[in-house]
Structures are given as C-alpha cells and as structure tokens.
Amino acid sequence: MAELKFSKDHEWVRLEGNVATVGITDHAQTALGDVVFVDLPEAGREVAAGESVAVVESVKAASDVYAPVAGTITESNAALADDPSLVNGAAQSEGWFFKIELADASELDGLMDAEAYQTFVDSQS
Amino acid sequence: MADTLLETPLAPLHRELGGKMVPFAGYSMPVQYPAGILAEHLATRRGAALFDVSHMGQAELRGEGAAAALEQLTPADVRILKPGRQKYGLLTTPSGGILDDFMVANLGDRLFLVLNASRKDVDCAAIEAVLPAGVSLHRLPDRALLAFQGPAAVPSLATLAPAVAALPFMGVLATEVQGIPVLISRSGYTGEDGVEIGVAGEQAERLARALLALPSASAAGLGARDSLRLEAGLCLYGNDIDETTSPVEANLTWTIGKRRRTEWNFPGAERVREELDNGPKRLRVGLLPEGRQPARAHTVIAAGGESVGEVTSGTFGPSLNGPCAMGYVAREHAADGSALELMVRGKAIPARVAATPFIPHRYAR
C-alpha cells in the first residue's frame, strides 16, 4: 500500500495510480471528537486545491475538509452516511472521505510525509 | 486580560481526569474528558454525571426586604418564594430585554442567587445599584458549584446525604456530605433529575471525588452540558436569550409572576405588556431538521425563500440521535409543525417547528 502524505489542513492522501484517496488524520478526528455527520462531494465535481469540498460535524462543531490537490472527484465513501463514527474509529483507513483523480500529480510533492506531519502537529500544540 | 483565564477549585482534578480545557466565560473549563461528549451525554441520561459549574456566580442577598429589592430587577414573584424553595427567573433591562437568567432560593434569613458566569459582574452591578438601605449583596467567589445530574444522581447521593432523597424538585437543603457542609438544590440544566451542590472552594475537590466514587457516576464537561440542555429545551444566555430578546419572545412568559402582571413594575414592563397584549413579532421555537446534519447558531431560517429568523443554538442530540436546534422565527411561522428551511452552507435543509423539550424532562415530583 502506498504511504500516506499529509496536508497542513490535517488531511491524509494516498495515491494509487492517478487517483488519490483523501481523509482526515487521526490527530484531526481526536481534536474534533465524536463525528455525527459527514457531507461529501458528488462524483464528477471538479475541485481546486484548497477548496472546501466536504464538511465533518461533531456534536460540538462543524469543520471544513479541503481538497488537498486539484482534480475531479471520482467517488465518496458511502459508508460514512450510515456510520459517521468510522471517522473516529478508522480515520486513516475505512473512514476515508473521497477520491480525486489528480489534475497534476506533482502537487503531491507539496504535502508532508508522516514524520514531517507529526513535527507540524507538535509545533501547533 | 483575555489571556489570563481563571480556574475553578477543581482545575487540578480536571487535569488529572484528562479534561480538555477550553476558555469559557473567562475561565479555563473542561469541554470534555477522554470519554467524549457523546458518551458523557449518554452517561448523564443513563446514570449520574458530575459537572463543574463553579464558574457560575453565587451570591447572597441579606437584609429585611431582600425579595422586594430583587423584584425591582425581575418580573419573577420572589416574595412568594417559601423558605427552602428555589425558582428560575429573568433579570430584565429597562427596554424589556433579558439581562440574565438566574436561580433564586429562599434560605430563610437570606436569598441565594446563582448567576451566569458571563453575566455575574453585570448582574451584581445592577443589583447593587437598586438595593435600599438594610439590604446587601454578598458575592461568594470562593465557593464552588457542582452539578450532579442523571437518574442515578439522587439515589446515589442519598447514600451519603439521606435527606436529599425527600427533597422535591426546586427544593433547597443545607446538609453535609461526608462531613462537608453543602447547600443542595434539586435542580439542574440537563432535563434529568439531579442536584446542584454549593460548597466551599477548598472542600470542592474532596466532595467531587466522593461523588465520582458513587455507583454509575462519571465526569462530564461543558460539551455534554450544552447538548443535554439543548435537548431539554433550556436556554443558554448569550445564544438563545440576551439584552435584545424579551421574556415574551423567548417563550419564558411563565417566569413572570401573576402578581407582577398586575403591578407592571419591573424593568421593561411596558414592552412585555405590549407583547402579551398584541403578540410578539418573533418567538423562540424548537426546530427539528430533517436528516442528520446539525444547523448551528446563526443559521438563517427561511420560509418560501424569505428569511424569517435565525437559529440561536443547534447541535446533534445524542439521545435524540439526530439534530435539534432552537431559534427565533416570525410569529406566523412559530406554530408547532410549521415547515421551514435552514440555510446550512448554501443548502436549504427542511425542518419543522417542534415542541420542546426534545427529550422529555425527568425531574423529581
């Protein structure tokens, strides 16, 4: 399995071929608390890097989820509609949000590896 | 000033329990513990949860005529309150807004007040400004206040303080818990049976540990307190009521004493009377959105594409297992069942006006 890359908006990206799977990090789900609802983008939507494309709601608050890279949404995780708590239980696996077919694969170079992301998280606290 | 947060006497205990501390009304308070808001909410409705509400203002009004003095600032009938009884009321402004909501108890020789943390300074200044000679206000900043809420709260607490079992809803009792002097009222902010316990700050941690050691007891934070009170249809000052909302608009007319409605001598009486006679332009209502997405405070409420109001509190109700909200709507849209739209992130979510509480109250009789 390809290794994960991370954004400063606390999203993870896993590239397979030209399609990136995107979710929120374990750190992000811990900070959010119990996820009760996720609003996901429709397949076919073209998104720009940094564009708000999904919303994750905990009991306490709503948070935007941004497209870490530009491209076209190919699929959203239908399982989250029935069980949003997957985001808490399996943030970096079954709790994925959506898949993007990349417009420009080199955009991934701007993301962090796991170690750099951990350093970034530590610097924020 | 904003960077110096106050702490309650239970701050060390919150940290020990893994509380996630956040700023609230100038205090560092636990929004949740490791269990999380959802679990803490459900534990309250199922068992007994301990909330630190020591940030709230506690004060005593002493002297002959204290009740009459307080009535200069509230439409509540304070003079009718018997010793050992507490009631919920509103402090009003001269223009008919709400200065604060509060609890007042008759302790026999004095009145005991519980005020919102964010409003206690404003309230006390307003009260002091109207006190006649012989009546004095004494703030009690060194006291802590613990809320112990849920169906198991009173049965558990009664093993330590037997007298609490017979305390009626809104009854007040001075007693001891493991030798600690406490002032217990059978009331709360969750819709469940339970108590609020006033205690000297230096004994608060020992009391809190004794309560947490009781069967089915656990700690809960401000996050669960908010979702519990919203499911119970209870107002949060600053969200659902403020200096612009009147008691009539807020659907809190029941807090206005009968006698006070013949005297009309409280601040803002003119506006309240006019709204009672002709109906207010807007009303606070409960709202149930369709689906699972919560509509938060400041969400625009629309009908047929026109804005008719605004959400003032909204969350996902863990016991309801769905979203719930309250807000103000134009009176013609305020009837239960009225179909409305909540404009959440550019999408219109269908919703209906619904009676509150969303989860029935289970207060002691």
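Below, all heavy atoms of this structure are taken into account, side chains as well, without hydrogens, waters or symmetry copies. In the text below, chain A, chain B and the rest are named by the order of the sequence lines, each starting its count at 1.
Among A/Ala81, A/Ala62, A/Pro84, A/Gly33, the residue making the largest number of heavy-atom pairs under 4.5 Å with chain B is A/Ala62. Among the candidates B/Gln293, B/Lys20, B/His41, B/Arg292, the residue making the largest number of heavy-atom pairs closer than 4.5 Å to chain A is B/Gln293.
Using a 4.5 Å heavy-atom threshold, the side chains of B/Arg296 and A/Glu57 count as touching. Residues A/Asp39 and B/Lys347 form a side-chain contact, since some pair of their non-hydrogen atoms from C-beta on lies under 4.5 Å apart.
Annotation: B/His361, atom NE2; neighbour count of heavy atoms from other residues, nucleotides and ligands within 6.0 Å is above 12. By the 6.0 Å contact criterion, CD on B/Glu306 is open, its count of non-hydrogen atoms from other residues, nucleotides or ligands being 12 or less.
In this structure, A/Val59 and B/Phe316 approach most closely via the heavy-atom pair CG1-O, 3.7 Å.
For chain A, the nearby parts of B/Thr315 are the backbone and the side chain; heavy atoms of each come within less than 4.5 Å. At a 4.5 Å heavy-atom cutoff, the contact between A/Val55 and chain B is made by side-chain atoms alone.
Atom CD of B/Gln32 is separated from atom CG of A/Asp34 by 7.0 Å, given to the nearest 0.5 angstrom.
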